Each structure stands twice: as C-alpha cells, then as structure tokens.
Amino acid sequence: MAHLIRHKLTNKLTNAAHTVSNKSQAKVSGVFARLGFQAATDEEGLGFAECDDLDYDYRQGMQMDVLQGDDEGGRMEGEGEFEGDSHYQRDGAGRRPSSMKTGGSLDEDKPRITTWDAGWNVTNAIQGMFVLGLPYAILHGGYLGLFLIIFAAVVCCYTGKILIACLYEENEDGIKERVRDSYVDVANACCAPRFPTLGGHVVNVAQIIELVMTCILYVVVSGNLMYNSFPGFPVSQKAWSMVATIALLPCAFLTNLKSVSKFSLLCTVAHFIINVMVIAYCLSRAREWAWEKVKFYIDVKKFPISIGIIVFSYTSQIFLPSLEGNMQKPSEFHCMLEWSHIAACVLKGLFALVAYLTWADATKEVITDNLPSTIRAVVNIFLVAKALLSYPLPFFAAVEVLEKSFFQDGGRALFPDCYGPGGKLKSWGLGLRIALVVFTMLMAVFVPHFALLMGLTGSLTGAGLCFLLPSLFHLKLQWRNLLWHHVFFDVAIFVIGGICAVSGFIHSIEGLIEAFRDNIPD
C-alpha cells in the first residue's frame, strides 16, 4: 500500500514538473519573440496566448491520470496528450495540430501536377496579354527599360523562392517541414504573436485590389480595342466597355472554376496567334527600325509609370505557395521558377524592343493600336476574346477572397453567410456579385487609361506583393538561418521596391490627373 501511494505521488510530481517546464519555456519564447530577438513560430505564438488555459486542462487531465492503474497511467502519459500541448512545446512533442500538413493520406490522395504543368501555369501568369503595354515602357525608358525587364525577372524569381522558403520550418532533426500553406499564413506568422491576423488582412486587401484592378484592365482594354478596330462606327470607347460588361455579367453566377477552365486553352491559342502576328509584321518592317530612337535617356516624369507596368507583368507570387504545395516534386520548384522567368524575360524583352523599333515615338499604350487597320481588326478581335475569357479568373478569385473575409469567416464574419442550404447562392449574394461586375465597368468607363491604370496597380500592389512583403517576411521568419548576402539582398530589394512603389504611385496619380484635366484620350 505504501509503495502504491509513493508511486502515485512520484508520478504526480513528475507530471507537474513537466507542465511547469513547458509553460515556462513557452512564456520565455513568447517574450523573446515579442522583443524581436527571434522569429516566433506559429506554435510558439499560439501557445503563449493559450498557455494558461491549456495548463489548466492539462492539470485536470493529470489528476485523472493519478486515479488510473500503473499500466494504464503509463499508457495515458505517453498517448493521452491533449492536442493543444504540442502548440507550446518547443521540442515539438505530441501530436501536430490538425490544421498543419503532415503528409498524411489526405494530402497524398490529392492529384498532383508535374513540374512542366507548374511551369506552364507560371508562364501563363507572367506572359499574359499585359505584355502589350511593355513597348510603351520602352518608349519612356529606352535601354534602361530593357534592363528593368531583366531586373524585374531576376528579383521576382528570387522573391518567389524566398516566399516559398517562408512556408517551411526545421524540425528537431533539422529536416525542413511545410508548416504553412498560403501567402496569408506567412503574413500571419510574421505578425504573430502580437498581431496574429494583421498580416493576413494586409495581404488580403492587396490581393483584392490587384484582382479587381486586373478585371478593370480587361474591361478597359476590351473597350479600347473595339473602338480602335472599328473607328467608323458611331460608338465611343466607353460604350464598347459597357457592351463588353454585358457579355461578362454571367460571371456573377459562377460557383466554381470548372466551366471557366475549358477556355484556358483558347486563351493560350489566342495569345500565341496575337504575338505571332505582331512580331511578323514588325519583322516585315525590319529595314525601317529606328535604332537611334533607343537611348539611355529616360522621361523622369513617366518612367516610374513604366516601372509599375513592368512589375505588374511579372506578378505571380499570390498563387506560388498553392502551386508549390500541389507539385509532385516540390524539390524542382526552384528550377521550374528560374526557367519560366528566363523564358518570360527573353520573350518580353524581344517583343517590347521589336515593337518599339517599328513605331518608335509613335508607340501607343496598347501596341496593337499601331497596326494597320486591316490587320488591327483581326488581332484586336482575338485580343478582346482573350480579355473576355480571362476576366472570370481574377473575378472569381476576388469574389472568393471577399466572401471568405466578410461572409464566411468561421462565425467571425461581419455579415451573414451568402450561401444557403446545399451551397446555393442567395439572391442578395448574387446581387453583390453583379454589383462588382458593374463596378469594374464604371471604373473602366470613367478611367479609360490602360497604361496609367496598369502602372498604378503595379506600383500599389505589384511592388508590395512581389518585392516588399516577401523580403520582409523572409528577414523576419528565417533570420536565424540567413547568410550575410541573403540579408543584403532582402534589404536591398525592400529599399529599391519601396522607392519604385512610391515614385510609381505618385507619378501614376499625376498622370491620371493630367489626363482628366487636359481631356487626353486613351
């Protein structure tokens, strides 16, 4: 009897010592993280906030353990841990929380994409129809504009890599494990534990702005192309934008991307035909190329707008975490990203240079407007088709972000759920979607300036998502593992990106004000 009592007291004291040790370790870790001496992981930040509650639950469970027999007590000590305990144990003991990826059967059952598929997706994202504005960037930047196309490709490739690096943490064995799934998760981890959701809100706002502005640009370019394709028609560019919006209203009824995916191949084919026709025409006038017009001189007032245009044409960081997580061989992600950006850089540089050499100072914001009327109509019809087929993708993504943030945030949403039983969209939810389509039309009607809007978007959100935030997150989350040159690159990218973003934003706003004041057509 005395032996049994002594054994139970020993177990109780041992469990209490482990609890105190874990609690103290989590609090010390949280304090250091708040002071900025080390990057707090998700487990540490959450454990610091919930340490007292978990400790109380653990003590209640410990008292129940004492009442069990010796064998059962030993089993409970090893297997009966609360899931929350692993949140604040720095050694990672215990089960992983359910929200983290463990490589289990659920992940293995998901269909994976090959490296070629991933490269194709990245290429489509950074080689879209917005390359039509790159010759306009050469007009105001000359050779410096060409250098910027190369520089932006190198920087965006690097920031894509470091953003993916922020998804991983080393375990106790020194093996990197994927502990985050998205750009929002990285942002939240960077701001934890003091502001655990601030980073995600910032990224969501930037994503919504970029996606909605992309939709607006599709409507603007559709109206612009139709107006220049049929100049004899008594229809203004604003009226053509309204006609394009009528064709886009069915997008409000989308509940998934299954139907939209059928048009992806058509978009790719249309884009290939457009590039071939433009380059073929430019090559036919190679004897008239104005090499003397390409100079090192830059237009100080309009070149920052060109920076935004170039940066916006490379934006792909939003979906890179999801893409890497769905690859069959994530280890090949870096190689895929490098080759896709090299290909995009070469094609963009050649397209911009050849087009500018052909028309020189007469280069327009949308390069197809420089084509002869006979060719222009055919090319522009393909472009309008591509723009209209591309619109549903950013629109659906923007709707998803808005719905999850304001209507489906797990009971914390500001507004009631816009979906009824069975996942059916409610009538007022459909009305909000239609209102978003109409909003993109109104913006396109009242601000019909493709290059200025593209430069504004690239400076406002493109620089932030591609330059500023990845470098900042990398410094915060991976500080203890960085070499000096990594720190130098991150700081340099952050400073240069900040200067380009501010200057591009200011000059884009000035350009829009000037266009409205002087009533300059697009």
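Note that this is a predicted model, so its numbers are computed, not measured. Side chains are part of it too, since the values below use all heavy atoms of this structure and drop only hydrogens, waters and symmetry mates.
S313 places no side-chain N or O within donor-acceptor distance of the main-chain N or O of V131, the cut-off being under 3.5 Å. Without hydrogens or angle criteria, Y183 side chain to L320 main chain gives no donor-acceptor distance under 3.5 Å. Between the side chain of N370 and the main chain of K364, a donor-acceptor pair closer than 3.5 Å is present. The main-chain N or O of A165 is found under 3.5 Å from a side-chain atom of Q478 such that the two form a donor-acceptor pair. One N or O on the side chain of S471 and one on the backbone of L468 form a donor-acceptor pair closer than 3.5 Å. S340 contributes a side-chain N or O that, together with a main-chain N or O of L337, makes up a donor-acceptor pair within less than 3.5 Å. Between the side chain of N228 and the backbone N or O of N224 there is at least one donor-acceptor pair closer than 3.5 Å. Using a distance-only test at 3.5 Å, with no hydrogens or angles considered, no donor-acceptor pair links the side chain of N204 to the main chain of V401. Side-chain atoms of Q317 come within 3.5 Å of backbone atoms of C156 as a donor-acceptor pair (strictly under, hydrogens ignored).
A distance of 13.0 Å separates NZ in K161 from CD in E324, rounded to the nearest 0.5 Å. For the atom pair C500 SG and L148 CG, the distance stands at 7.0 Å (nearest 0.5 Å). Separation of atoms OH (Y281) and OG1 (T368) is listed at 13.0 Å; rounding is to 0.5 Å. Atom CD1 in I375 sits 11.5 Å away from atom CG in N380 (nearest 0.5 Å). From I367, atom CD1 reaches atom SG of C282 across 7.0 Å, with rounding to the nearest 0.5 Å. We find the SG-CG distance between C166 and D185 to be 12.0 Å, quoted to the nearest 0.5 Å.
Heavy atoms from other residues, nucleotides or ligands lying under 6.0 Å from NZ of K293 number 12 at most. The local environment of OH in Y168 is crowded, with over 12 non-hydrogen atoms from other residues, nucleotides or ligands closer than 6.0 Å. Dense packing is recorded around CH2 of W289, with more than 12 heavy atoms of other residues, nucleotides or ligands lying under 6.0 Å away. Environment of CZ in F382: sparse, with no more than 12 heavy atoms of neighbouring residues, nucleotides or ligands closer than 6.0 Å.
The two residues T461 and I209 have their closest heavy-atom pair at CG2-CG2, 3.5 Å. Between P394 and Y218 the shortest heavy-atom distance is CG-CE1, 3.9 Å. Nearest approach of R285 to T358, heavy atoms of both residues: NH2-O, 3.7 Å. Here the closest heavy-atom approach between residue S241 and residue G223 is recorded as OG-CA, 3.6 Å. Nearest approach of A344 to I126, heavy atoms of both residues: CB-CD1, 3.6 Å. Across all their heavy atoms, F395 and C251 have their closest contact at CE2-O, 3.4 Å.
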query = Hey, mind stepping through L442 and V438 against side chain to side chain contact (heavy atoms under 4.5 Å, CB included) and telling me if it holds?
reply = CA-CA 6 Å; L442 293 176; V438 174; 4.2 Å; yes

key: Pair Y314-K348, side chain to side chain contact (heavy atoms under 4.5 Å, CB included): steps then yes or no   = CA-CA 10 Å; Y314 279 108; K348 287 181 179 182; 3.6 Å; yes

request  = Could you check I162 against D490 for side chain to side chain contact (heavy atoms under 4.5 Å, CB included), going step by step and ending with a plain yes or no?
outcome  = CA-CA 9 Å; I162 63 177; D490 290 349; 3.8 Å; yes

task = Start with the C-alpha gap between N275 and L347, add the side-chain angles, then the distance that decides, and say whether side chain to side chain contact (heavy atoms under 4.5 Å, CB included) holds.
result = CA-CA 10 Å; N275 285 348; L347 293 176; over 6 Å; no

task = Would you please test Y391 and T440 for side-chain hydrogen bond (donor to acceptor under 3.5 Å, both in side chains) and show each step?
result = CA-CA 11 Å; Y391 181 96; T440 61; 3.0 Å; yes

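With a 4.5 Å cut-off on side-chain heavy atoms, L163 and P321 count as touching. Looking at Y143 and L146, their side chains come closer than 4.5 Å, going by heavy atoms from C-beta outward. At least one side-chain heavy atom of V122 sits less than 4.5 Å from a side-chain heavy atom of L323. Within the 4.5 Å cutoff, no side-chain heavy atoms of L469 are placed close to those of V186. Side-chain atoms of R433 and V437, non-hydrogen and from C-beta on, never get closer than 4.5 Å to each other. Taking the side chain as every heavy atom from C-beta outward, L477 and R180 approach each other to under 4.5 Å. In this structure, the side chains of L167 and D181 stay at 4.5 Å or more apart for every pair of heavy atoms. For the pair L465 and I318, the minimum side-chain heavy-atom distance is below 4.5 Å.
A perpendicular orientation is assigned to the rings of H140 and Y136, their planes being inclined by more than 60° (bins at 30° and 60°). The aromatic rings of H474 and Y158 lie perpendicular to each other, with more than 60° between the two planes, well past the 30° mark.
With V235 as the partner, the side-chain contact (heavy atoms from CB on, under 4.5 Å) test is satisfied by one option alone out of W240, F230, Y227: W240.
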